Peer 1: 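The structure under discussion is supplied below as structure tokens; questions concerning it will follow.
Just so you know, these numbers come straight off a predicted model, no measurement behind them.
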2 protein chains.
Amino acid sequence: MKLPASTEWLLHCAATLAQLEPGASASAAQLARYYDLPAPYLAKQLQDLVKSGVLTATTGPRGGFRLARPPSEITLLRIVEAVDGTSPPYECREIRQQGRGALRPEECQSTCVLAQKMTEAHDAWRHSLAGVSLADIIATLPPTAPARTRSRLGGS
Amino acid sequence: MKLPASTEWLLHCAATLAQLEPGASASAAQLARYYDLPAPYLAKQLQDLVKSGVLTATTGPRGGFRLARPPSEITLLRIVEAVDGTSPPYECREIRQQGRGALRPEECQSTCVLAQKMTEAHDAWRHSLAGVSLADIIATLPPTAPARTRSRLGGS
């Protein structure tokens, strides 16, 4: 059970965009340089966050990416699921209905109790990440962090 | 973020073994027939559960596998981690320390707050699965289930 390495990239990029002045944006090239990441692959991933409604892409010579909503309304869950998708890690293939021990269909009208418990665990994971917004993350940074972030991100 | 398909197999096999008479065991071939699973691959996975202390392998003509401890002491977490390992899904590669935005080492003596939050979510998932034992699962089955399970599992 592994999240893609780009999960770290996009969490950090979103936290970086949350430190920009309102309305400002950063390009994929700027973000790639900021974290020393492969720009083409990062650009593709940033587009996935646009599709998921986490980021907005702006066009033009000073175009780039900015948050699609206030940092307080973007949770870590939204970012992680934008990168990795929303399908749960445990897949129930109903093996209880196959083989010599197969239950009859009428005995399987409720979800398998093992699948239920795996879903409850995934719900606990989602609930934990849904309780943390980018605003919460920024609030933990030193007060000088946003100005430094903007300064180092700047330039073309 | 996916668990292997064999996670379902082993959760069900462990729940099946939890329904045997005390001291009784079942072979990989019996369990494979019970759920129509590929016996050689299942046997390998059952051995992984032996290594993790969930099952005990018994030898001899009536040998096989049985639970290594009472069902109340075997949690779903132990089984899932025996199948998939214990490494957390999110890996922090410290990208905060690389690129143009790199923080200095002395600024990174605490774990990155994003990694902390991802760890908290994984802890919530683990806590949920650690709260459910095989005894809890068996308690949800109809009272007639264990006798039927033993009858259908039997035979060589």
Peer 1: May I ask you to list the residues in residues 117-126 of chain A that approach chain B closer than 4.5 angstrom, counting heavy atoms only, ordered by number?
Peer 2: A:Lys117, A:Met118, A:Glu120, A:Ala121, A:His122, A:Ala124, A:Trp125
Peer 1: For chain B, which residues of residues 128-135 of chain A have at least one non-hydrogen atom nearer than 4.5 Å to it?
Peer 2: A:Ser128, A:Leu129, A:Val132
Peer 1: Please determine whether residues A:Ile137 and A:Leu20 belong to a single hydrophobic cluster, defined as Ile, Leu, Val, Met, Phe, Trp and Tyr linked transitively by side-chain heavy-atom distances below 4.5 Å.
Peer 2: yes
Peer 1: Between A:Glu81 and chain B, which part of the residue has a heavy atom less than 4.5 Å away: side chain, backbone, both or neither?
Peer 2: neither
Peer 1: Walk me through whether A:His12 and B:Cys112 qualify under side-chain contact (heavy atoms from CB on, under 4.5 Å).
Peer 2: CA-CA 10 Å; A:His12 277 275; B:Cys112 170; 3.6 Å; yes
Peer 1: Do A:Val83 and A:Trp9 have side chains that get closer than 4.5 Å, going by heavy atoms?
Peer 2: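 Of all side-chain heavy-atom pairs linking A:Trp9 with A:Val83, none is under 4.5 Å.
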Peer 1: Looking at B:Arg148, I want to see if its CZ is surrounded by more than 12 non-hydrogen atoms of other residues, nucleotides or ligands under 6.0 Å.
Peer 2: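 More than 12 heavy atoms, drawn from other residues, nucleotides or ligands, come within 6.0 Å of this atom.
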Peer 1: Which heavy-atom pair separates A:Leu103 from A:Cys108 by the least distance, and what is that distance?
Peer 2: CB-SG, 3.6 Å
Peer 1: Give every residue pair that meets the ring-ring contact (aromatic ring centres under 6.0 Å, His included) criterion with at least one member in residues 53-82 of chain A, sequence neighbours excluded.
Peer 2: none
Peer 1: Looking at A:Cys92, A:Gly99, A:Ala32, A:Gly85, which has the largest count of heavy-atom pairs under 4.5 Å with chain B?
Peer 2: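 Looking at each option in turn, the highest pair count goes to A:Gly99.
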Peer 1: Do A:Val113 and A:Tyr90 belong to the same hydrophobic cluster, where Ile, Leu, Val, Met, Phe, Trp and Tyr are linked whenever their side-chain heavy atoms lie under 4.5 Å apart, directly or via other members?
Peer 2: yes
Peer 1: Enumerate donor-acceptor pairs with a distance under 3.5 Å from any side-chain N or O in residues 38-54 of chain B to protein atoms, sequence neighbours excluded.
Peer 2:
| residue | atom | partner | partner atom | Å |
| --- | --- | --- | --- | --- |
| B:Tyr41 | OH | B:Gln45 | NE2 | 3.3 |
| B:Gln45 | OE1 | B:Ser6 | OG | 3.0 |
| B:Ser52 | OG | B:Asp48 | O | 3.1 |

Peer 1: Against chain B, label A:Ile95 side chain, backbone, both or neither, depending on which of its atoms sit under 4.5 Å from a heavy atom there.
Peer 2: both
Peer 1: Given a strict heavy-atom distance threshold of 4.5 Å, which part of B:Gln116 is in contact with chain A: side chain, backbone, both, or neither?
Peer 2: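 Neither part.
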Peer 1: Is the shortest side-chain heavy-atom distance between A:Arg66 and A:Leu17 below 4.5 Å?
Peer 2: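 Side chain of A:Arg66 against side chain of A:Leu17, heavy atoms only: no contact under 4.5 Å found.
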Peer 1: Checking B:Pro88 against chain A: side chain, backbone, both or neither under 4.5 Å from a heavy atom?
Peer 2: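 The backbone, not the side chain.
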Peer 1: What are the two closest heavy atoms between B:Ile79 and B:Ala14, and how far apart are they?
Peer 2: CD1-CB, 3.7 Å
Peer 1: Any idea which of A:Asp84, A:Val80, A:Thr16 has the most non-hydrogen atom pairs under 4.5 angstrom with chain B?
Peer 2: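 Most heavy-atom pairs within the cutoff with chain B belong to A:Asp84.
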Peer 1: Do B:Leu37 and B:Leu3 share a hydrophobic cluster (ILVMFWY, side-chain heavy atoms under 4.5 Å, transitive)?
Peer 2: yes
Peer 1: Counting only heavy atoms closer than 4.5 Å, note whether B:Thr140 contacts chain A via side chain, backbone, both or neither.
Peer 2: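 Only the side chain of B:Thr140 comes within 4.5 Å of chain A.
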Peer 1: What heavy-atom pair brings A:Gln19 and A:Pro146 nearest, and what distance separates the two atoms?
Peer 2: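 Here A:Gln19 and A:Pro146 meet closest at OE1-CA, 3.4 Å.
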Peer 1: Side chains of B:Leu114 and A:Glu8, heavy atoms from C-beta outward: is any pair under 4.5 Å?
Peer 2: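 Of all side-chain heavy-atom pairs linking A:Glu8 with B:Leu114, none is under 4.5 Å.
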Peer 1: Which atoms of B:Leu77 are under 4.5 Å from chain A, going by heavy atoms: the side chain, the backbone, both sets, or neither?
Peer 2: neither
